[in-house]
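Letters A, B, ... mirror the listed sequences (proteins, then strands); counts begin at 1.
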Amino acid sequence: EIVMTQSPDTLSVSPGERATLSCRASQSVNSNLAWYQQRPGQGPRLLIYGASTRATGVPARFSGSGSGTEFTLTISHLQSEDFAVYYCHQYHYWPPWTFGQGTKVEIK
Amino acid sequence: AQLVESGGGVVQPGGSLTLSCAASGFSFVAYGMHWVRQAPGKGLEWVAFIRSDGTIKYYADSVKGRFTISRDNSKNMVYLQMGNLRVEDTAVYYCANFYGEQVYAEFFQLWGQGTLVTVSS
């Protein structure tokens, strides 16, 4: 099983600033990495797949990078609707399909 | 396209419950289906998968032997039969699959709204 570890658990950021979220895989997943956003009371929303490709309709302030075992999600110029929990997800080796434990981006 | 879960509720430890997921707006018979759960205040945990034709099923170790996934392609439905329920099975259960704007995707693109299962005495 590939274990996904996200850091930090919580990130306090002021609106308009940049947030940088990290995700590490216990073994290489190549670029088979997706990022999801989850707002309270809602299901996950796909943001990024293939480690760096934005899903349709996702604002350009969201960007993903990395390959192998180290990945980053960057949110530039944070807006109020961006304060949420973010999950990374590997789909390179399955089953099981695995997720990170999540990073909560909160208002500073 | 949408997925709509139902069947959640409160059940005692050791009890059973069956969740349903109704699919619409896409070719259901062409897609594998998954259940993913989220315990209160916790992260996402994949639970079970069934292939498009129902011939292959996978389960998380945490539910193997207790949960059974099935589907009815004539009704565009997928089910999760949960038995010998434990307090730690308390979660919102999401139905999900790879259907979406990215064809041949191997990541989750379509999610339901979830249904809450509470295991408590």
Margin query: Just so I understand: if I count every heavy-atom pair under 4.5 Å between each of Ala60(B), Gly43(B), Ala96(B), Ala105(B) and chain A, which residue has the most?
Written below: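 Highest number of heavy-atom pairs under 4.5 Å: Gly43(B).
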
Heavy-atom pairs under 4.5 Å with chain B: which of [options] has the most?
{"options": "Glu1(A), Gln38(A), Gln101(A)", "value": "Gln38(A)"}
{"options": "Gly102(A), Pro96(A), Pro95(A)", "value": "Pro95(A)"}
{"options": "Gly100(A), Gly41(A), Pro44(A), Gly50(A)", "value": "Pro44(A)"}

Notebook entry, point to check: Is chain B contacted by the side chain of Gln42(A), its backbone, both, or neither, given a heavy-atom distance below 4.5 Å?
Noted result: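 Contact with chain B: backbone only.
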
Check whether [X] gets within reach of chain A through its side chain, its backbone, both or neither, counting any heavy atom under 4.5 Å.
{"X": "Glu106(B)", "result": "both"}
{"X": "Tyr94(B)", "result": "side chain"}
{"X": "Phe49(B)", "result": "side chain"}
{"X": "Val36(B)", "result": "side chain"}

Next item on the list: Answer yes or no for Arg71(B) and Phe28(B): cation-pi contact, defined as NZ/CZ to six-membered ring centre under 6.0 Å and angle to ring axis within 45°.
Entry: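 Flagged: Arg71(B) positioned over aromatic ring of Phe28(B).
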
Notebook entry, point to check: Are there more than 12 heavy atoms of other residues, nucleotides or ligands under 6.0 Å from atom CZ of Arg24(A)?
Noted result: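 Check fails, neighbour count at 12 or below.
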
Notebook entry, point to check: At their closest point, which heavy atom of Trp35(A) faces which heavy atom of Cys23(A), and how far apart are they?
Noted result: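 Heavy atoms of Trp35(A) and Cys23(A) come nearest at CH2-CB, 3.5 Å.
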
Margin query: Between Gln37(A) and Tyr86(A), is there a side-chain donor-acceptor contact under 3.5 Å, judged purely by atom types and distance?
Written below: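 Indeed, the side chains of Tyr86(A) and Gln37(A) share at least one donor-acceptor pair under 3.5 Å.
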
Next item on the list: Decide whether Gln90(A) and Thr98(A) meet the rule of one side-chain donor and one side-chain acceptor closer than 3.5 Å.
Entry: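 On atom types as modelled, these side chains qualify, holding a pair under 3.5 Å.
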
Note to self: Taking the six-membered ring for Trp, are His34(B) and Phe98(B) closer than 6.0 Å centroid to centroid?
What the structure shows: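 Ring-ring flag for His34(B)/Phe98(B): true, centres closer than 6.0 Å.
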
Next item on the list: Look at the rings of Phe26(B) and Tyr31(B) and say which category their plane angle falls in: under 30° parallel, 30 to 60° tilted, over 60° perpendicular.
Entry: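 Because their plane-to-plane angle is over 60°, the rings of Phe26(B) and Tyr31(B) count as perpendicular.
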
